Amino acid sequence: MTARPIYLDHNASTTPHPEVVEAMLPWLGHAHANPHAEHMHGRFAAEAVEETKASIAELIGANADEILLTSGATESINLVLQGYLRDQGHDAALIHTAIEHKAVFETANALRERGISVRVIPVDCKGRVDPTHVRGAVDAAAVSRVLVSVIHANNEIGTVAPLGAISDALRGARALLHIDASQSNGKIPLSVTEGPLDFVSLSSHKIGGPTGIGALYVAAELRQFLRPLFYGGGQQEGLRPGTIPVFLAVGYGVACKLAIQRMAEDAIYVEKLAEAFLQKLYARRIAFQVLGDESARLPGLRSICIAGIDARDLLDRISKDVSASTGSACAAGAIRSSHVLSALGLTARHAEQVMRFGFARSTNFVEAERAAVVLADACLSSVTADKSTPA
Ligand code: PLP
């Protein structure tokens, strides 16, 4: 078998922890059952699902009955944004930052078509949002229902939003607060009691759990204000009908338990990996700029811009050795500059020079440093090639 490249794209999806895979296997085989069935098999499965809800809740300081299981953060975000605002016509507003994930932007576009007003709050060059701007937008919205949506840790640059300051700024305002914690959950502390937070979207495959499952925290007293996205057998009190995939739920629950035990230790480890990677680049005399807020950044994520080097071309050339992401997104065959990088003020040309590296517990130092050496060599060879190309 050919050697696989070094995987440094853990913010796109994290390798499932071995404990997660092991815990899921029985539920793919002999233990499989519908957790909504009345018989013993069903009851065992339902207990496993309840245990997962309890683990997710513990990770964010919530109660298990405030957790809905979904197919991932995209669905959770849609359920909150659409479920709270969609039927309000012109009497509702959504306010979100300029560096939200596409799941928020695209849902906002769909809501706009239904007459809901949407306001985007700008960020500074490090991706920081000013809480007073958020409050100003809420106060300016002359409608009955206002929802504010804030990404906790940005997936492209890692900047962590000041949730405490934002919820302080919103105190006494007529707005509810939704946090997209897909990237931050399980990597940095988050408690729904701080603030308090009203809705939180979560994803399993960003924390070493399986892909295809996520969760939505809905504060108990707010459940009555949400409408479901679809209709069916009434599971999860009709708010998210459909049979819960027990094997995915079990894997997600184990990933949460592991995150509770190892969050602090893992954060230190992945930061050391990221720094070892950057140090190796410095040692090879590669000049680069690190994007995002160095004083509030998601552990283990580094988004870097290497002047004069096209990121897509570079990552393509080292793809046999390293898997990482560029800052631009490929949508429907066209290369578009990332809206996050544009929001920071980067020109399209600079955005094309941005690469994101994501380190995880499953990465080791040899891999981190080797990836930097491969990257540096490829950069140096493109500079040499440029110099030898006749004008
Ligand atoms: N929000 C953020 C910040 C993300 O990084 C992602 C995943 O890329 C999502 C939402 C969507 O998550 P999921 O893949 O679970 O639908």
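Counting starts at 1 for both ligands and their atoms, in listed order. This one's a predicted model, so the numbers in the text were calculated from it and none came from an experiment.
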Atom 8 (O) of ligand 1 has as its nearest protein heavy atom K206 NZ, 2.7 Å
Note to self: So, regarding E75 and ligand 1 (criterion: nitrogen or oxygen to nitrogen or oxygen, under 3.5 Å), is there a contact or not?
What the structure shows: no
Of N11, T74, T70, D180, the residue with the heavy atom nearest atom 1 (N) of ligand 1 is D180
Worksheet item: Does the pair K126/E294 count as a salt bridge with the N-to-O cut at 4.0 Å?
Response: yes
In this structure, atom 10 (C) of ligand 1 is nearest to the protein heavy atom S182 OG, 3.4 Å
To atom 6 (C) of ligand 1, the nearest of K102, Q183, H101, H152 on a heavy-atom basis is H101
Checking Y7, F277, Y269 against F359 for ring-ring contact (aromatic ring centres under 6.0 Å, His included), the one that qualifies is F277
inquiry  = Within the 4.5 Å heavy-atom criterion, are R174 and V138 side-chain neighbours or not?
reply    = no
Quick note on ligand 1: atoms under 4.0 Å from a heavy atom of I151 include exactly 3 (C)
Tell me whether A73 has any N or O atom under 3.5 angstrom from an N or O of ligand 1.
yes
In this structure, atom 14 (O) of ligand 1 is nearest to the protein heavy atom H205 NE2, 2.8 Å
Task: Donor-acceptor side-chain pairing of S144 and D91 below 3.5 angstrom - done: yes
Ignoring hydrogens and angles, write down the donor-acceptor pairs under 3.5 Å from the side chains of residues 239-246, residues two or more places apart or on other chains.
residue	atom	partner	partner atom	Å
R240	NE	E75	OE2	2.7
R240	NH2	E75	OE1	2.9

- [ ] Specify whether Y84 and F225 have parallel, tilted or perpendicular ring planes, treating 30° as the upper limit for parallel and 60° as the lower limit for perpendicular.
- [x] perpendicular
